[in-house]
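So that the names make sense, note that chain A is the first sequence line, chain B the second, and so on, each numbered from 1.
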There are 2 protein chains.
Amino acid sequence: MTLAAVVRSPSLTWPRDSVAIVTMFPHTNTRKQGKTVTVRQRKAATIYDVATRAGVSHQTVSRYLAGFEGIRPSTRERVATALKELDYRPNLAARSLATNRAHRIAVLTGDLLAAGPSRTVQGVAEASRAAGYVVDIIGIDVDNSESLREVIDVIRGQDLAGVVALAVSDRIHDAIAELAIDAPLYLDSGPADLPGPVGQSFNAVGIQLALQHLIDLGHREIVHITGAMDYLAAKARVKGFEQLALERGLRVHPIIEGDWTPRSGYAAVASGQIDPIVTAIVAANDQIALGALRALDEAGVRCPADISVTGFDDIPEAEYYTPSLTTVRIDFQQQGTYIFNALMAQIRGDERPETGAFIKPQLVVRASAAPPR
Amino acid sequence: MTLAAVVRSPSLTWPRDSVAIVTMFPHTNTRKQGKTVTVRQRKAATIYDVATRAGVSHQTVSRYLAGFEGIRPSTRERVATALKELDYRPNLAARSLATNRAHRIAVLTGDLLAAGPSRTVQGVAEASRAAGYVVDIIGIDVDNSESLREVIDVIRGQDLAGVVALAVSDRIHDAIAELAIDAPLYLDSGPADLPGPVGQSFNAVGIQLALQHLIDLGHREIVHITGAMDYLAAKARVKGFEQLALERGLRVHPIIEGDWTPRSGYAAVASGQIDPIVTAIVAANDQIALGALRALDEAGVRCPADISVTGFDDIPEAEYYTPSLTTVRIDFQQQGTYIFNALMAQIRGDERPETGAFIKPQLVVRASAAPPR
DNA sequence: TGCGAAAATGTTTCCGCTCACATTCGCGGG
DNA sequence: CCCGCGAATGTGAGCGGAAACATTTTCGCA
């Protein structure tokens with residue numbers, strides 16, 4: 001089929017960061033007349049074309065494509081040859097129209113910018129692709145429920161096998177519930193008021209890992225700087241923190257509300273709202289920890305000598321913070337796979353999906369946490 | 001239409017980070033018999049349903065949807081009402097099958113994890129959505145050309161309006177060129193051997209902004225730590241750096257090859273391959289700068305007193321590094337819009353696309369660069 | 001008041017594919 | 001050598017929407 005030509009634009013009349021152009025799409029270029037040079041591509045081959053070439057019926061081709069066994073070897077080979085010669089590509093739109101079944105998964109996420117979600121997306125995307133699904137990433141503006149509504153409208157028009165919502169805030173959660181997506185949905189980081197032991201949540205487990213480490217180090221006065229509290233994940237972490245703190249009989253220091261950003265971590269410390277008695281800070285993510293570290297440094301408080309700090313996520317940078325950050329590693333890749341499997345189970349309608357082992361958060365001990373003075 | 005029920009799983013028998021379940025998709029559940037409770041959704045309304053309800057022909061509905069003017073107000077209203085009552089959603093698969101036109105853009109990117117690409121993706125996604133396009137994000141494994149081939153196969157089956165390739169490495173560039181995607185393609189960060197002034201490239205301009213700043217500060221011995229050199233963007237930055245260094249008559253310090261990661265920045269400095277005469281480092285991105293900062297700190301070299309460091313990207317964390325990082329800000333949002341527009345121009349076949357102002361990199365002066373001793 | 005053209009609306013066929021059903025083929029047994 | 005039955009293959013319809021073309025209104029104006 002088409003051998004598209006790669007054309008380097010000969011002169012950059014308008015600034016662009018270099019562009020290689022392939023123009024082979026049949027734009028049904030409806031310019032009345034026009035000297036518009038439309039590179040017309042040979043139309044993509046259909047199963048009918050293949051069938052004709054192979055001297056069989058289109059249905060036989062369809063069967064071959066579907067992996068149907070009962071095809072005579074001779075026929076099979078003719079089809080295979082024709083397929084190859086014509087460089088046939090199935091038209092997925094037609095297929096999903098005919099089958100009313102899709103191979104596309106939408107991933108909704110509040111911010112791709114945050115380290116966690118974006119890496120989870122990556123993980124989901126990878127797992128999906130491996131299974132022959134395509135992933136639509138749909139960024140949603142958390143602060144604008146109108147846009148959210150639009151987005152969901154778009155989604156509903158797509159032929160989706162399922163939807164994954166990541167980094168879910170209350171607003172998004174409600175909107176999704178209300179707007180009723182007609183597809184299997186996996187809502188990551190659900191409401192904090194989960195049934196079952198909160199320990200099931202990797203958020204809770206992870207934060208507890210950090211807290212326990214601090215306790216083991218000898219800390220008793222520990223405060224938690226949270227993520228944005230309208231995020232389910234932030235709530236789960238708070239809950240995990242408070243539960244273990246209670247269990248261990250720690251003094252209750254009021255949590256300090258952050259919003260996942262380094263700025264909020266900085267503000268939390270710089271604002272002076274932390275009780276001087278505190279010897280350790282558990283941050284809801286690495287960025288917050290970074291901000292806190294910075295504020296501490298500026299205030300002349302040494303970390304970890306005077307105060308310990310832990311993060312969450314283990315982003316690649318964490319190791320290079322000063323001091324190197326003790327944090328909790330989440331295997332996002334694996335988490336993505338997990339989510340994908342869970343969604344697939346849903347799609348298949350499994351009662352009790354077997355999605356493989358749950359991803360265990362892992363404590364990464366570096367230099368930002370040490371025994372208290 | 002369907003009012004999908006949100007069901008909270010009553011008990012977590014398998015660990016999941018909370019799941020809200022909506023099962024309304026018609027799985028054509030082909031279990032022979034089975035007590036499989038298939039929640040059958042009322043089929044989505046089609047234009048035919050709407051037409052019947054409004055007492056018009058389906059084509060009238062189609063016209064209404066297409067924004068056709070010549071519809072009698074009374075008719076128009078009946079259609080609008082029916083549309084609403086039935087909660088009609090266009091079936092995009094059908095539409096694109098019929099029109100042979102797609103409203104989907106694929107974004108290929110090597111790593112979503114890197115700050116730059118992932119934010120650009122976000123920008124593209126946003127611009128696309130605003131224009132009614134959906135974005136498929138396709139992560140590709142840079143090190144595995146077989147997987148790349150697969151990916152492109154998948155892409156070709158999709159009905160795509162266009163393709164954007166971000167964070168393009170040589171390998172990807174070649175593969176894309178070779179594999180011939182049949183759609184308008186925007187290849188970000190093209191080959192370093194661009195025609196036209198290299199200054200057109202925001203990569204080059206950006207890095208020069210940093211370099212010039214250092215020169216203005218009085219530095220003469222400046223070294224560049226690069227990104228992964230098989231990335232087009234890394235090459236463009238190197239080229240920008242070298243060009244300006246030459247122009248200003250700076251001594252040529254061999255570039256130090258990095259790979260975008262903090263680790264590589266750390267290694268570049270810690271390995272001792274930097275000439276002691278050097279008083280400033282231009283890093284190809286903020287992560288590298290972070291690694292360098294860390295290595296400097298460990299070596300007891302003070303920044304910026306002893307040596308200055310600049311970054312590139314201005315990720316949110318950069319401000320909170322120690323010292324606060326002087327860097328170059330890229331407006332990824334805007335860049336995304338730019339890329340989208342450029343692609344659209346392609347799609348429309350414009351000769352000389354007007355895509356709005358090119359995004360200008362911006363120097364962000366903070367604390368990591370100061371005059372040399 | 002009636003005619004014709006423009007405006008409004010309807011009908012048909014096709015997009016590429018899968019599904020349900022129909023038909024043909026091939027081979028073994030009576 | 002022919003029948004019958006299962007395997008292999010073919011045929012037709014329809015998924016939901018858009019485009020081309022056909023038909024019916026509507027309305028201005030002679």
Item checked: side-chain contact (heavy atoms from CB on, under 4.5 Å) assessment of B/Val163 paired with B/Tyr186 -> CA-CA 6 Å; B/Val163 177; B/Tyr186 183 93; over 6 Å; no

Margin query: I want to confirm an ordering. Mapping A/Ala94 and B/Glu69 to their closest nucleotides on DNA chain C, which one lands closer to the 5' end?
Written below: B/Glu69

Check: For A/Leu65 and B/Ser74, take the nucleotide of DNA chain C holding the closest heavy atom to each; which residue's nucleotide lies nearer the 5' end?
Finding: B/Ser74

Next item on the list: Mind listing the closest non-hydrogen atom pair of A/Ser57 and A/Ala51 along with its distance?
Entry: C-CB, 3.5 Å

Next item on the list: Indicate, with a heavy-atom threshold strictly under 4.0 Å, whether A/Tyr88 touches base, sugar-phosphate, or nothing.
Entry: sugar-phosphate

Margin query: Is any side-chain heavy atom of A/Gln335 closer than 4.5 Å to one of A/Leu166?
Written below: no

Next item on the list: For nucleotides 20-26 of chain D, just jot down a letter per nucleotide in 5' to 3' order: B, S or -, based on protein non-hydrogen atoms under 4.0 Å.
Entry: BB----S

Next item on the list: Describe the nucleic acid contact of B/Ser96 in one word from base, sugar-phosphate, nothing, applying a heavy-atom distance below 4.0 Å.
Entry: nothing

Check: Separation of A/Asn100 atom CG from C/dC17 atom P, in whole Å?
Finding: 17 Å

Note to self: Using a distance-only criterion (donor-acceptor N/O pair, under 3.5 Å, no hydrogens), is the base of C/dT12 paired with the side chain of B/His58?
What the structure shows: yes

Note to self: Given 3.5 Å as the limit, does a donor-acceptor pair link the side chain of B/Arg76 with the main chain of B/Gly70, or not?
What the structure shows: no

Item checked: Comparing A/Gly55 and B/Val61 on DNA chain D - which has the more 5′ nearest nucleotide -> A/Gly55

Item checked: Atom of A/Ala161, atom of A/Ala102 and distance for their closest heavy-atom approach -> CB-O, 3.5 Å

Notebook entry, point to check: Considering only C/dC17, C/dT11, D/dG17, which nucleotide approaches the side chain of B/Ser57 most closely?
Noted result: C/dT11

Next item on the list: Output the single nucleotide from D/dG17, D/dT9, C/dC17 whose closest atom is nearest the side chain of A/Ile47.
Entry: C/dC17

Next item on the list: For B/Phe68 and D/dA19, give me the distance from atom CZ to atom P, rounded to whole Å.
Entry: 12 Å

Notebook entry, point to check: Can you pull the ring pair (Phe, Tyr, Trp, His ring centres under 6.0 Å) pairs that have at least one residue in residues 52-78 of chain B, sequence neighbours excluded?
Noted result: B/Tyr48-B/His58

Notebook entry, point to check: What nucleotide among C/dC17, C/dT9, D/dT9 has an atom nearest to a side-chain atom of A/Pro90?
Noted result: C/dC17

Notebook entry, point to check: What nucleotide among C/dT18, D/dG16, D/dG17 has an atom nearest to a side-chain atom of A/Leu97?
Noted result: D/dG16

